[in-house]
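Data first, discussion second: the structure below is written as structure tokens.
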Number of protein chains: 2
Amino acid sequence: MERTGKPTINDVARIAGVSKKTVSRVINRSPLLNGDTRAKVEQVISELGYVPNVQARALALRRNFLIGLIHDNPNAQMVMNVQAGMLEAMRDTEFELIVRPIDRGSSTMLEDVRNFLERQRLYGVMFLPPVSENEMVAELCRELGIRYVRMGSATLDASEHMVASNDCDVVTEAVNHLISLGHRRIGLIAGPHGFRSARERRKGFENALEGAGIKLPRSLIADGNYTFETGLAAADRLLDLSPRPTAIFASNDEMAAATLHAARRRGMSVPEDLSIVGFDDTAIASHIWPPLTTVHWPIISMARSAALKLLADFFGDDGNAVEEPSLFPSTLIHRASVAPPREG
Amino acid sequence: MERTGKPTINDVARIAGVSKKTVSRVINRSPLLNGDTRAKVEQVISELGYVPNVQARALALRRNFLIGLIHDNPNAQMVMNVQAGMLEAMRDTEFELIVRPIDRGSSTMLEDVRNFLERQRLYGVMFLPPVSENEMVAELCRELGIRYVRMGSATLDASEHMVASNDCDVVTEAVNHLISLGHRRIGLIAGPHGFRSARERRKGFENALEGAGIKLPRSLIADGNYTFETGLAAADRLLDLSPRPTAIFASNDEMAAATLHAARRRGMSVPEDLSIVGFDDTAIASHIWPPLTTVHWPIISMARSAALKLLADFFGDDGNAVEEPSLFPSTLIHRASVAPPREG
DNA sequence: CACAGGGGTGGTAGCGCGATCAATGGAGTG
DNA sequence: CACTCCATTGATCGCGCTACCACCCCTGTG
């Protein structure tokens with residue numbers, strides 16, 4: 001009897017004249033099943049418009065089909081790219097994505113993550129930087145016995161739990177490019193303290209200057225928070241310097257865009273008066289004028305790969321257990337925001 | 001006995017020496033419960049670290065705590081803003097957000113949505129434009145008996161299912177502003193056919209010109225797809241015209257940013273050689289230089305309100321059954337991309 | 001012809017929780 | 001002091017599905 005709503009497996013079994021276990025076998029594509037029986041059950045299923053109840057299934061299987069994304073990243077484009085990459089990997093599977101932003105800096109952050117993970121009993125979770133760099137969350141996942149993958153700018157965990165890029169080296173390459181053009185006074189807009197990516201990018205910057213024998217005054221390093229607003233303040237501080245830097249490396253595109261904004265607001269030309277290099281290669285880098293020379297961070301591929309790692313032991317049986325890569329090289333993209341300094 | 005993992009309600013009941021129904025009462029804050037019993041059970045719960053199983057709960061309640069977001073919007077910033085607004089409304093509730101992008105234009109789009117809704121049995125779904133403008137999806141939700149709210153640029157449904165803005169009028173206001181500054185050759189970069197928002201914005205544009213007695217040559221209308229790339233192509237087409245338009249209204253900020261990009265690429269100054277007006281007031285509008293005069297579309301408020309509508313009959317008991325507004329006025333934001341035309 | 005073997009199927013017991021309804025015990029009343 | 005009443009509590013069933021194990025029947029073999 002159809003009580004309130006959807007037909008259940010019992011309805012299908014009764015109408016098809018088989019046991020519900022047989023229906024279950026049809027749903028789960030059990031190999032040992034008579035073809036006729038299968039056809040008959042499938043017939044009834046489609047007539048009734050029967051759809052299995054995912055909650056009941058999850059309860060019985062003691063496992064659900066939800067992948068979580070935990071992030072506290074201020075960059076919208078970045079988060080969307082990650083979602084896009086993950087969803088690409090999850091396409092045509094029965095997995096769904098559940099998104100959970102958390103409040104960085106909140107004292108209850110770790111508690112919040114714990115509550116979320118304990119309540120939802122997800123199949124797996126993925127962590128975006130910067131929260132992914134927090135060793136506590138990895139610890140938490142291990143304690144709770146939940147699959148996880150972290151994204152980051154340096155390897156922090158075993159390869160099956162980590163998808164990383166090599167920010168340090170590629171920043172060195174970018175800054176070397178500036179140096180080779182003749183720049184000597186190069187400013188840095190650093191990312192927030194405590195972010196691994198910020199430290200890596202800063203280290204890459206310092207390595208380049210050191211390699212060229214350039215002594216870096218502290219004043220040429222300004223702190224930002226990976227947001228446009230903090231980037232603007234940092235850029236203004238650097239551009240107030242006298243003499244001014246002839247080039248600025250911003251630790252992400254948001255802050256690079258802010259640097260461009262600050263420069264143009266005070267009537268400077270880019271790249272004639274100031275060369276700018278960003279990091280991430282998000283949409284804004286190519287949308288603004290002049291388009292930014294920046295480091296392409298393969299975030300979508302990384303996210304796709306991370307999601308596939310999460311799903312690996314689910315689809316492992318199918319034989320497509322290809323080892324997903326863990327290290328994704330970033331590459332320098334030359335666009336129009338860099339030129340030799342005016343007085344070289 | 002703790003078999004594989006988490007303690008269950010039975011463990012709590014056994015250890016606390018009460019029935020599991022009593023534990024259930026504690027969890028669900030039933031009022032008729034002896035204080036001592038409650039304290040004892042809560043004690044055991046915290047000692048065991050017991051967390052109720054959401055799947056089992058969902059099965060027994062025949063209802064879960066998941067809100068879906070279905071979208072096919074190409075603008076990342078927009079989608080993130082919507083997620084932010086929804087999550088704000090869902091903060092400190094037990095509801096979680098599950099995100100489902102769909103492939104616009106795919107022939108199986110409606111089937112995909114149906115499968116998703118039937119399988120997940122969500123508490124409610126929210127639709128973003130443009131898919132929200134598709135009457136079929138609303139029909140589908142009604143057929144499946146699932147709560148839904150649509151976001152859009154014009155009222156298309158009963159107010160409890162709709163959160164809308166008034167794009168038409170505010171665009172008229174924006175274009176009137178251009179006209180009052182002396183602009184006569186004003187170009188339009190329209191949104192894609194079939195998008196309600198695109199039609200509304202275009203109508204607002206045409207109303208303003210008509211009101212001023214300006215005859216609009218077809219050539220001054222270029223088609224875009226709400227993406228940067230199509231905006232760039234459209235802007236190039238308009239700027240190739242002779243005589244050129246002195247101002248361009250782009251139907252969203254992405255395309256407005258592309259217009260600025262196109263203008264600057266050919267050495268034009270903005271706003272001296274070309275005034276630009278956008279729509280949405282997403283981050284890029286204030287990040288580029290010059291910052292865009294644009295229409296602020298209160299997307300975050302709309303999304304928050306939409307989510308609250310979805311949750312209304314869940315929290316309705318608490319007395320805070322405030323009627324959520326359905327219409328959100330957009331407002332014109334004056335920034336630096338608009339000036340009088342050169343030869344006035 | 002009796003029996004072993006195996007593909008195909010059903011019965012039934014959970015998974016963890018909520019809900020109905022009856023039962024219990026103590027306080028209040030005549 | 002017996003009885004009623006109300007505040008608490010528990011036994012049991014059901015939510016929809018999967019899993020373990022037993023069972024059936026048909027074929028093949030000694």
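None of the values given here were measured: they were computed from a predicted structure. Within every chain, numbering begins at 1; the chains are lettered A, B, ... in the order of the sequence lines, protein sequences first and strands thereafter.
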Can you check side-chain contact (heavy atoms from CB on, under 4.5 Å) on Met162(A) and Leu156(A), steps first, answer last? CA-CA 7 Å; Met162(A) 193 77 215; Leu156(A) 296 169; 4.0 Å; yes
N or O in side chain of Thr22(A) less than 4.0 angstrom from dG8(C) OP1/OP2: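 No, outside the criterion.
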Ser19(A) side chain near dT9(C) phosphate (N/O to OP1/OP2, under 4.0 Å):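 No, no such contact exists.
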Output the rounded distance in Å from [atom1] ([X]) to [atom2] ([N]).
X: Lys40(B); N: dT9(D); atom1: NZ; atom2: P; result: 8 Å
X: Asn64(B); N: dC15(D); atom1: CG; atom2: P; result: 18 Å
X: Ile9(B); N: dC13(D); atom1: CD1; atom2: C1'; result: 15 Å
X: Asn10(A); N: dC13(D); atom1: CG; atom2: C1'; result: 15 Å
X: Lys6(B); N: dC17(C); atom1: NZ; atom2: P; result: 11 Å
X: Phe65(B); N: dC17(C); atom1: CZ; atom2: P; result: 13 Å
X: Leu59(B); N: dG18(C); atom1: CG; atom2: P; result: 11 Å
X: Asp11(B); N: dC17(C); atom1: CG; atom2: P; result: 9 Å

salt_bridge([X], [Y]) N-O dist < 4.0 Å:
X: Arg119(B); Y: Glu94(A); result: yes
X: Arg100(A); Y: Glu96(B); result: yes
X: Arg114(B); Y: Glu143(B); result: yes
X: Arg142(A); Y: Glu139(A); result: yes

When all nucleic acid strands are considered with a 4.0 Å heavy-atom cut-off, which category describes Val18(A): base, sugar-phosphate, or nothing?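 Sugar-phosphate, no base atom in range.
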Any side-chain donor-acceptor pair under 3.5 Å between Asn28(A) and Arg57(A)?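 Arg57(A) and Asn28(A) do have a side-chain donor-acceptor pair below 3.5 Å.
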Quick test: give all pairs of protein nitrogen or oxygen and nucleotides 19-23 of chain D nitrogen or oxygen below 3.5 Å, distance rounded to 0.1 Å.
residue : atom : partner  : partner atom : Å
dA19(D) : N7   : Lys21(A) : NZ           : 3.2

Look at the rings of Phe127(B) and Tyr148(B) and say which category their plane angle falls in: under 30° parallel, 30 to 60° tilted, over 60° perpendicular.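 Because their plane-to-plane angle is over 60°, the rings of Phe127(B) and Tyr148(B) count as perpendicular.
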Taking the axis from the first five pairs and the axis from the last five, what angle separates them in the helix from dC1(C)-dG30(D) to dG30(C)-dC1(D), rounded to 10 degrees?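 Between the axes fitted at each end of the helix from dC1(C)-dG30(D) to dG30(C)-dC1(D) lies an angle of 60°.
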Should the pair Arg147(A) and Tyr123(A) be classed as cation-pi, given the thresholds of under 6.0 Å to the six-membered ring centre and 45° from the axis?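 Ring-cation test returns yes.
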If we ignore hydrogens and angles and just use 3.5 Å, is the side chain of Asn53(B) paired with the main-chain N or O of Thr8(B) as donor and acceptor?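 Here the side-chain-to-backbone pair does not exist.
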